[in-house]
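Worksheet for the structure shown next.
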Amino acid sequence: MPYRAFTDQNCSIAGALELVGDRWTLLVMREILFGRRLFAEIRRHTGIAPNILSDRLQTLVEHGILKRELYSAHPESHEYVPTRKGVDLNAVIIALLGWGDKYASPAGGPPRVPIHTACGHDARPQLHCSHCGEIIDNAELKARPGPGATAKQLAEGVLPAA
């Protein structure tokens, strides 16, 4: 399928997918956030072809999601370290993990379970209201036009409409 940019869409999801929405990028980020930061480690744990991995890592560095740092001088090798933007992708990966555990996990159950490092117990991250603090169920969530909305988006109002 030919690549088509999302430039005609005023959408944060489309913008994010431009950066991390291909088949491999979130898997590469999964490995880096798991602490596997060397090219060979990432490749071994994902099975990604070297040319594709090089391309994805370069893109992530160019967009400030990763930093490429010298790991060893002899032989010269580099590691890929997440920036704040990269660490913030963990929320996306954990949300996708939860969805995958519910709808696409192997018959034996989830292969990995997130844990809260402060207490060591399993964690099930949930969306909370920034105003009242209540847990938000998916059925209770809508989207209103934000400060970057176009005139068309402002006219549409809150979505989904009642």
Side-chain angles (χ1 to χ4, degrees), residues 1 3-37 41-42 45-46 48 55-69 79-162:
M1 183 175 267
Y3 175 79
R4 220 179 83 200
F6 296 121
T7 53
D8 58 338
Q9 295 189 37
N10 186 35
C11 175
S12 298
I13 296 170
L17 289 174
E18 287 282 337
L19 301 177
V20 298
D22 70 275
R23 178 179 175 169
W24 290 106
T25 301
L26 289 177
L27 295 176
V28 169
M29 286 306 301
R30 173 197 68 193
E31 294 308 313
I32 290 167
L33 292 169
F34 277 173
R36 299 175 183 131
R37 297 179 175 176
E41 291 176 316
I42 299 165
H45 287 275
T46 60
I48 188 172
D55 178 69
R56 296 311 179 272
L57 290 169
Q58 181 179 345
T59 299
L60 291 166
V61 169
E62 287 171 2
H63 289 282
I65 297 169
L66 296 176
K67 292 183 295 187
R68 185 176 184 250
E69 296 182 352
E79 68 177 333
Y80 294 89
V81 179
T83 63
R84 171 68 354 206
K85 276 171 87 171
V87 171
D88 285 349
L89 268 175
N90 198 45
V92 174
I93 291 170
I94 293 299
L96 195 55
L97 174 78
W99 187 90
D101 287 347
K102 188 171 183 178
Y103 299 108
S105 74
R112 289 263 176 202
V113 176
I115 59 170
H116 182 214
T117 56
C119 72
H121 288 90
D122 291 357
R124 287 176 205 80
Q126 297 173 313
L127 188 61
H128 293 261
C129 177
S130 58
H131 176 74
C132 71
E134 282 192 31
I135 294 171
I136 301 172
D137 182 78
N138 288 332
E140 300 172 319
L141 196 60
K142 293 186 176 193
R144 67 168 177 78
T150 63
K152 179 183 175 193
Q153 290 166 325
L154 288 169
E156 289 175 331
V158 175
L159 296 175

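Computed over heavy atoms, backbone and side chain alike; hydrogens, waters and symmetry mates excluded. Position 1 is the first residue of the sequence, and the numbers go up from there. Because the structure is a prediction, the values reported are computed rather than measured.
L97 pairs by the side-chain contact (heavy atoms from CB on, under 4.5 Å) definition with I94, D101, P114, not counting sequence neighbours. Scored by the salt bridge (Lys or Arg N to Asp or Glu O under 4.0 Å) test, E79 finds no partners at all (sequence neighbours excluded). Legend: residues meeting side-chain contact (heavy atoms from CB on, under 4.5 Å) with N10, ordered by chain and number and at least two apart, are T150, Q153.
Contact between A123 and H116 at its shortest, heavy atoms only, is CB-N, 3.9 Å. Summarising the geometry of I32 relative to P82, their closest heavy-atom pair is CG2-CD, 3.7 Å, with the distance given to 0.1 Å. Closest approach of L66 and M29 over heavy atoms only: CD2-SD, 3.8 Å. When all heavy atoms of T46 and L27 are compared, the closest pair comes out as CG2-O, 4.0 Å.
In the displayed structure, I13 atom CD1 is contacted under 6.0 Å by at most 12 heavy atoms of other residues, nucleotides or ligands.
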Quick one: side chains of residues 133-141, donor-acceptor pairs under 3.5 Å with protein atoms, not counting sequence neighbours, listed by atom name and distance.
| from | atom 1 | to | atom 2 | distance (Å) |
| --- | --- | --- | --- | --- |
| D137 | OD2 | A139 | N | 3.0 |
| E140 | OE1 | D137 | N | 2.9 |

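Remark: E31 CD to L33 CG distance equals 9.5 Å, nearest 0.5 Å. With rounding to the nearest 0.5 Å, the separation of OG1 in T25 from CD1 in I48 is 7.5 Å. Here CZ of F34 is found 5.0 Å from CZ of R112. Values are rounded to the nearest 0.5 Å. Rounding to the nearest 0.5 angstrom, the gap separating the CZ atom in R68 from the OH atom in Y80 is 4.5 Å.
Remark: side-chain polar atoms of H131 are not paired, donor with acceptor, to backbone N or O of C129 under 3.5 angstrom.
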Can you check side chain to side chain contact (heavy atoms under 4.5 Å, CB included) on I42 and L57, steps first, answer last? CA-CA 10 Å; I42 299 165; L57 290 169; 4.3 Å; yes
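Sorted by first and then second residue, the side-chain hydrogen bond (donor to acceptor under 3.5 Å, both in side chains) pairs with a member in residues 82-95 read R84-D88; sequence neighbours excluded. Residue pairs meeting the side-chain hydrogen bond (donor to acceptor under 3.5 Å, both in side chains) criterion with at least one partner in residues 55-66, sequence neighbours excluded, are D22-R56, Q58-E62.
A heavy-atom distance below 4.5 Å is found between the side chains of V20 and I65.
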